[in-house]
Number of protein chains: 2
Amino acid sequence: MARKPADQSVDREDILWAAAEVLHRNGYEATTMKDIAAQVNLTAASLYHHFKNKDFLLLNVLEVGLDLTIDKLERIDASDRSCVEKLSAMIRSHVVSVTGNVAVGAAMVFEIRALLNVSVGAKNSDESFTREFVARRNQFFARRDYFEGLFRNIVRAGIESGEFREVDAAIVTKAMLGAHNWVGVWFKEGGRLSGEAVADVMVDTWLAALGERNG
Amino acid sequence: MARKPADQSVDREDILWAAAEVLHRNGYEATTMKDIAAQVNLTAASLYHHFKNKDFLLLNVLEVGLDLTIDKLERIDASDRSCVEKLSAMIRSHVVSVTGNVAVGAAMVFEIRALLNVSVGAKNSDESFTREFVARRNQFFARRDYFEGLFRNIVRAGIESGEFREVDAAIVTKAMLGAHNWVGVWFKEGGRLSGEAVADVMVDTWLAALGERNG
DNA sequence: CCAAGAATCAAATGACTGTTCGATTATAGG
DNA sequence: CCTATAATCGAACAGTCATTTGATTCTTGG
């Protein structure tokens, strides 16, 4: 094959993380291809060798972030534990993810609207690009619903098993995810609490909210 | 004075609400002055008669939204009630605000970064514009901290009075506000629950999270 | 009815951005 | 040592957008 210089070996992954960081700082629309390129010492033109265009780049960042989070949650979900234990582990996993990679966590929250606003009905030259983009975008949103469902199902299961009190599982789940997502907005590395400590507070908070009685 | 046509009497306020709506749909960067103008049947140029520029327009939207919310919270805070009752009323007020005017609620959450990213150090022509903008922006952020403090203080007071269990008030407050803010993202008028119903679930959730024992 | 200023618009400007293209450089396999 | 091709860049393009300017239309106080 070809080129992979010793000093500036930049691959897809590097660009993805760099993009997440810049996205976190500026937001999708305010982020230029030049900004992202600069973060990895490239020019804007070079990015098009790795990604079809700006929209696909954003989509990739979100896909990777979501996949990483879902993987961990599925492992917990598949384990043989009580609902209380599962939910605790899931909350901890989610919050630690967000605090560990604020860039991706925040992108997951803030850039979804940008994804929706991509001008799909416009005068785009390449028709197949549009088609593929829409398909992958829809799949992303479906996967995001699945992600939320993982939490909601545990809440529901816990209610049925009597481990949790009776609540509106859908709303409480959304409240929970809102609280977690918001962590990506205010959390700063090196602050009063570590990511794990914040996660512990969240676990404690939500178990209490769900009226768990064995903690 | 002058002009205020019968058919299209558009004033500052109208533009403000229109801007909030478009902002909610598209986000600050993706929103053009033309978009906002169209919402009130004006041209982009006309907006400059009412607002200095796009940045100030955004700032105005956020200021108005925050002021409205804070007003209600302060009235509750000043009342002579228990911490449980105060917090309940505050949560309900906040959530109903968000569901009642999703546009402003969402702007408060999503456009704050845009506010930070305004190119203040750039080659702006008018130096005094920049100075005023920075001053008002700082004041906005201070006011936003004050808003959060209103909730946090009640949580702390409730802990001291024994109405709430001992929690990390700062983190729990942020979790609470995160959950409320997130409502602006998913709430749709005409869905399964009304804004008031969602607010009730939130009150119930947070009182439980705080281990309140008189509900 | 008049004059002053408020409200609006059309058109032009200047800057910035995503994207393309052609050329160049470096690498790995033969 | 070649050569195909991966990776990169400089320059140019077409489009969009915030903002300015100068003129125009309306409304109201006198």
Side-chain angles (χ1 to χ4, degrees), chain A residues 1-15 18-19 22-23 26-60 114 117-130 133, chain B residues 1-15 18-19 22-23 26-60 114 117-130 133:
Chain A
M1 300 299 166
R3 209 192 215 184
K4 190 99 173 258
D7 55 328
Q8 48 176 350
S9 62
V10 172
D11 63 3
R12 256 180 91 93
E13 283 269 319
D14 296 327
I15 297 175
V22 182
L23 243 38
N26 301 338
Y28 181 68
E29 303 288 347
T31 296
T32 70
M33 293 298 270
K34 200 175 160 191
D35 289 340
I36 298 172
Q39 189 85 4
V40 287
N41 286 328
L42 289 182
T43 57
S46 301
L47 295 181
Y48 289 82
H49 185 72
H50 300 275
F51 298 91
K52 294 179 193 174
N53 59 36
K54 194 185 173 190
D55 297 333
F56 276 94
L57 179 48
L58 167 66
L59 189 52
N60 264 289
N117 270 62
V118 166
S119 57
V120 156
K123 51 278 154 192
N124 273 332
S125 48
D126 207 321
E127 178 72 19
S128 72
F129 272 29
T130 301
F133 182 81
Chain B
M1 301 298 165
R3 209 191 216 182
K4 189 104 173 256
D7 54 329
Q8 50 175 350
S9 63
V10 172
D11 63 1
R12 255 180 94 91
E13 282 269 318
D14 296 326
I15 298 176
V22 182
L23 244 37
N26 301 339
Y28 180 68
E29 302 289 346
T31 296
T32 70
M33 293 297 271
K34 201 176 160 189
D35 290 339
I36 298 172
Q39 189 85 3
V40 286
N41 286 327
L42 289 182
T43 58
S46 302
L47 296 181
Y48 289 82
H49 185 72
H50 300 275
F51 298 91
K52 295 182 192 173
N53 60 34
K54 195 185 173 190
D55 296 333
F56 276 94
L57 179 48
L58 167 67
L59 189 52
N60 264 288
N117 270 63
V118 166
S119 58
V120 155
K123 52 277 152 190
N124 274 331
S125 49
D126 207 319
E127 178 72 20
S128 72
F129 272 28
T130 301
F133 183 82

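Just the heavy atoms: all of them, side chains too, but no hydrogens, waters or symmetry mates, feed the values below. Naming: A, B, ... by sequence-line order, numbering from 1 per chain.
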Picking from D/dC9, D/dT19, D/dT20, the nucleotide nearest the side-chain atoms of B/A45 would be D/dT20
Which of the following nucleotides, D/dG10, C/dT17, D/dC17, is nearest to the side chain of A/T32? C/dT17
A/L42 has a side chain; which of D/dC9, D/dA18, C/dG18 sits nearest to it? D/dC9
Could you check whether any side-chain N or O of B/D55 sits under 3.5 Å from a backbone N or O of B/L58, counting only pairs where one atom can act as donor and the other as acceptor? no
Rounded to whole Å, please give me the gap between OH in B/Y48 and C1' in C/dA7. 16 Å
Gap between atoms CG and C1', on B/D11 and C/dT8 respectively (whole Å): 15 Å
Compare side-chain N and O positions of A/H50 against OP1 and OP2 of D/dT8 and report whether any pair is under 4.0 Å apart. yes
Taking the side chain from B/N60 and the backbone from B/L57, do they hold a donor-acceptor pair closer than 3.5 Å? no
Rounded to whole angstrom units, what separation is found between the CZ atom of A/F51 and the P atom of C/dT20? 15 Å
Just how far, in rounded Å, is C1' of C/dG18 from CG of A/N53? 9 Å
Quick one: B/K52 NZ to D/dT20 P, roughly how many Å, whole number? 12 Å
Rounding to an integer number of Å, can you tell me how far A/M33 CE sits from C/dT17 P? 12 Å
Is any side-chain N or O of A/H49 closer than 4.0 Å to OP1 or OP2 of D/dA7? yes
Just to confirm, is there a sub-4.0 Å distance from OP1 or OP2 of D/dA7 to any side-chain nitrogen or oxygen of A/S46? no
Flag the pair B/Y28 / B/K54 as yes when at least one side-chain heavy-atom distance between them is below 4.5 Å, and no otherwise. yes
